[in-house]
Amino acid sequence: MEDQARMMSGLVGLSGLSQVDVGDHDAGRKQHSLGQPQQDIGDILQQIMAITDESLDEAQARKHALNCHRMKPALFSVLCEIKEKTVLSIRGIQDEDPPDPQIMRLDNMLLAEGVSGPEKGGASAAAAAVAAAAAGGSPNDGSIEHSDYRAKLTQIRGIYHSELEKYEQACSEFTNHVMNLLREQSRTRPISPKEIERMVGIIHRKFSSIQMQLKQSTCEAVMILRSRFLDARRKRRNFNKQATEVLNEYFYSHLSNPYPSEEAKEELAKKCAITVSQVSNWFGNKRIRYKKNIGKFQEEANLYAVKTAVDAASVSSQASQANSPATPNSGTHSDITHTHIRVRPRQDHSRSDIKHTQS
DNA sequence: CTACATGATTGACG
DNA sequence: CGTCAATCATGTAG
């Protein structure tokens with residue numbers, strides 16, 4: 001930065017104030033202050049070239065002399081005025097910069113993802129997880145995965161915030177530095193407050209572009225985390241015993257038409273503490289797998305057929321029918337095993353049958 | 001570790 | 001849109 005100061009003092013000196021008796025190398029060309037500006041250019045260039053050869057002491061001396069010149073304040077203010085005008089005219093071209101849509105998108109996403117939100121740390125996060133588990137669809141395993149997910153998210157969040165803080169600090173530090181320099185220089189060369197302001201704006205833009213990279217990579221990390229944790233296929237849990245029992249019960253007691261209606265699915269979902277789509281998945285899998293290999297499911301079918309038969313018997317208080325365990329194949333379910341699953345009349349499978357097994 | 005069981009996903013189909 | 005069929009990826013019994 002001393003170079004620049006030196007340069008400026010040199011240039012200001014060139015523009016007409018150089019009669020000050022600063023050094024002996026000016027002595028030879030005193031005459032250029034009046035008259036032909038064309039011819040001066042050569043001298044000026046010479047002088048510019050000479051500046052690099054000058055020592056810092058010389059420059060300092062020159063600067064000092066310059067500042068002490070009696071005409072300096074007046075000329076300086078004129079220069080400031082001129083510059084103000086030109087700067088203003090330049091500024092007119094590109095005045096208001098629109099907020100970057102890209103960065104706004106990233107901001108929104110980080111906010112939505114809870115990375116840049118107001119809430120901080122464990123307590124409220126845990127509370128949110130608990131609330132989600134209590135209110136939401138999957139009370140069993142969901143909370144565990146959620147807490148794991150939350151932990152990772154908090155980690156990302158921590159990194160993001162510390163980095164962001166570092167950026168902000170660096171930015172303000174740098175801005176301060178530049179402002180100090182400009183203020184310092186404004187004693188030597190014309191710098192309007194607006195110019196400083198503009199410079200600060202430029203610095204902030206630069207830093208925000210760096211910030212955007214940070215935000216972008218944070219977003220990416222969150223997306224990856226999300227896809228990892230929300231891809232349920234990776235975190236498949238088998239349903240618990242009771243749930244499969246309920247499902248199987250329904251399946252085998254509706255073997256002739258194992259297509260639960262939407263309401264039936266909802267009911268089953270509620271009973272099994274799973275979602276409706278999980279019920280649909282289960283029935284889809286069950287139907288296809290049953291059809292593929294009926295023999296393999298024979299035992300299971302018998303078991304549930306007996307179970308429902310017993311239930312029905314206990315309801316109708318007629319126990320005499322249920323005492324043929326020796327040949328179950330020809331018994332209760334022989335007709336249902338031979339039923340074609342393909343046929344599915346969609347009208348009458350109400351939940352009345354489940355109801356009396358349940359109650 | 002292997003083989004099988006099982007919940008979820010995907011693409012085709014009506 | 002719901003279902004089928006194939007397939008994936010994980011869970012689990014041996």
Side-chain angles (χ1 to χ4, degrees), chain A residues 113 129 132-153 155 220-308 328-329 333 335-355 357-358:
Chain A
E113 223 53 60
S138 54
N140 302 353
D141 47 356
S143 58
I144 296 166
E145 288 178 36
H146 249 74
S147 70
D148 208 359
Y149 175 79
R150 288 226 148 246
K152 294 264 187 202
L153 194 66
Q155 208 177 327
E220 268 171 39
V222 170
M223 289 318 274
I224 290 168
L225 185 70
R226 208 165 218 282
S227 65
R228 275 232 190 292
F229 275 83
L230 264 56
D231 185 4
R233 195 144 71 165
R234 292 185 191 283
K235 286 278 172 191
R236 182 177 70 78
R237 301 279 145 194
N238 290 347
F239 300 153
N240 58 39
K241 265 269 178 1
Q242 188 241 334
T244 41
E245 207 162 303
V246 169
L247 293 166
N248 272 318
E249 218 166 280
Y250 187 96
F251 182 77
Y252 287 110
S253 63
H254 296 74
L255 201 51
S256 57
N257 184 39
Y259 295 88
S261 65
E262 198 56 37
E263 299 91 59
K265 281 182 189 171
E266 278 169 27
E267 179 121 9
L268 287 168
K270 205 187 293 179
K271 271 206 274 185
C272 300
I274 58 179
T275 67
V276 173
S277 56
Q278 281 178 305
V279 173
S280 298
N281 284 338
W282 190 90
F283 273 89
N285 283 322
K286 193 71 184 182
R287 281 190 297 261
I288 194 72
R289 282 163 186 164
Y290 180 84
K291 200 183 79 176
K292 247 182 175 172
N293 190 352
I294 294 178
K296 200 168 66 181
F297 291 91
Q298 214 41 258
E299 204 179 332
E300 198 176 63
N302 295 346
L303 197 128
Y304 284 100
V306 167
K307 196 192 273 272
T308 53
N329 234 358
H333 71 291
D335 48 342
I336 45 183
T337 51
H338 294 103
T339 315
H340 300 270
I341 266 180
R342 266 301 189 172
V343 234
R344 41 178 155 132
R346 267 339 207 108
Q347 70 279 25
D348 84 327
H349 47 298
S350 64
R351 286 116 73 212
S352 56
D353 348 10
I354 331 177
K355 268 205 177 112
T357 58
Q358 169 189 11

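Below, chain A is the first sequence line, B the second, and so on; all start at residue 1.
- Each end of the helix from B:dC1-C:dG14 to B:dG14-C:dC1 gets its own rotation axis from five pairs of C1' atoms, and the angle between them is 10° to the nearest 10 degrees.
- Rounded to an integer number of Å, the gap from A:R237 CZ to B:dA8 C1' is 14 Å.
- Looking at heavy-atom distances under 4.0 Å, A:N238 makes contact with sugar-phosphate atoms alone, never a base.
- Dashed line: the shortest gap from a side-chain N or O of A:K265 to OP1 or OP2 of C:dT3 is under 4.0 Å.
- Applying the ring-ring contact (aromatic ring centres under 6.0 Å, His included) test to A:F283 and every residue at least two apart in sequence or in another chain returns A:Y250.
- At least one side-chain nitrogen or oxygen of A:K291 sits closer than 4.0 Å to the OP1 or OP2 atom of C:dA5.
- Checked against salt bridge (Lys or Arg N to Asp or Glu O under 4.0 Å), A:E266 has no partners two or more places apart in sequence or in another chain.
- Residues A:W282 and A:N248 form a side-chain contact, since some pair of their non-hydrogen atoms from C-beta on lies under 4.5 Å apart.
- If you measure from atom CZ of A:F297 to atom P of B:dA5, you get 8 Å, rounded to the nearest angstrom.
- Atom CZ in A:F251 sits about 13 Å away from atom P in C:dT3, given to the nearest Å.
- The distance from atom CZ of A:R289 to atom C1' of C:dC8 is 11 Å, rounded to the nearest whole Å.
- OP1 or OP2 of C:dC4 has at least one side-chain nitrogen or oxygen of A:R287 nearer than 4.0 Å.
- Spacing between atom CG of A:N293 and atom P of B:dT6 amounts to 12 Å, rounded to whole angstrom units.
- Atom-to-atom, CG of A:N257 to P of C:dT3 comes out at 10 Å; the value is rounded to the nearest Å.
- Per the geometry, CG belonging to A:N281 stands 12 Å off C1' belonging to B:dT10, to the nearest Å.
- Heavy atoms only, all atoms of each residue included: A:L247 and A:C272 are closest at CG-SG, 3.9 Å.
- Looking at A:F297 and A:K292, their side chains never come closer than 4.5 Å, going by heavy atoms from C-beta outward.
- A:F239 comes within 4.0 angstrom of sugar-phosphate atoms only, judged by non-hydrogen atoms across all strands, and of no base.
- Under a 4.0 Å N-O distance rule, the pair A:K271/A:E249 does not qualify as a salt bridge.
- Taken from CD in A:E245 to OH in A:Y304, the straight-line distance is 5.0 Å, to the nearest 0.5 Å.
- Atom-to-atom, NZ of A:K286 to P of C:dC4 comes out at 14 Å; the value is rounded to the nearest Å.
- Of the side-chain N and O atoms in A:Y259, one or more sit less than 4.0 angstrom from OP1 or OP2 of C:dC4.
- Two residues, A:S280 and A:N285, neighbour DNA chain C, and the one matched to the more 5' nucleotide by heavy-atom proximity is A:S280.
- A sub-4.0 Å separation between OP1 or OP2 of B:dG7 and a side-chain N or O of A:Q278 is absent.
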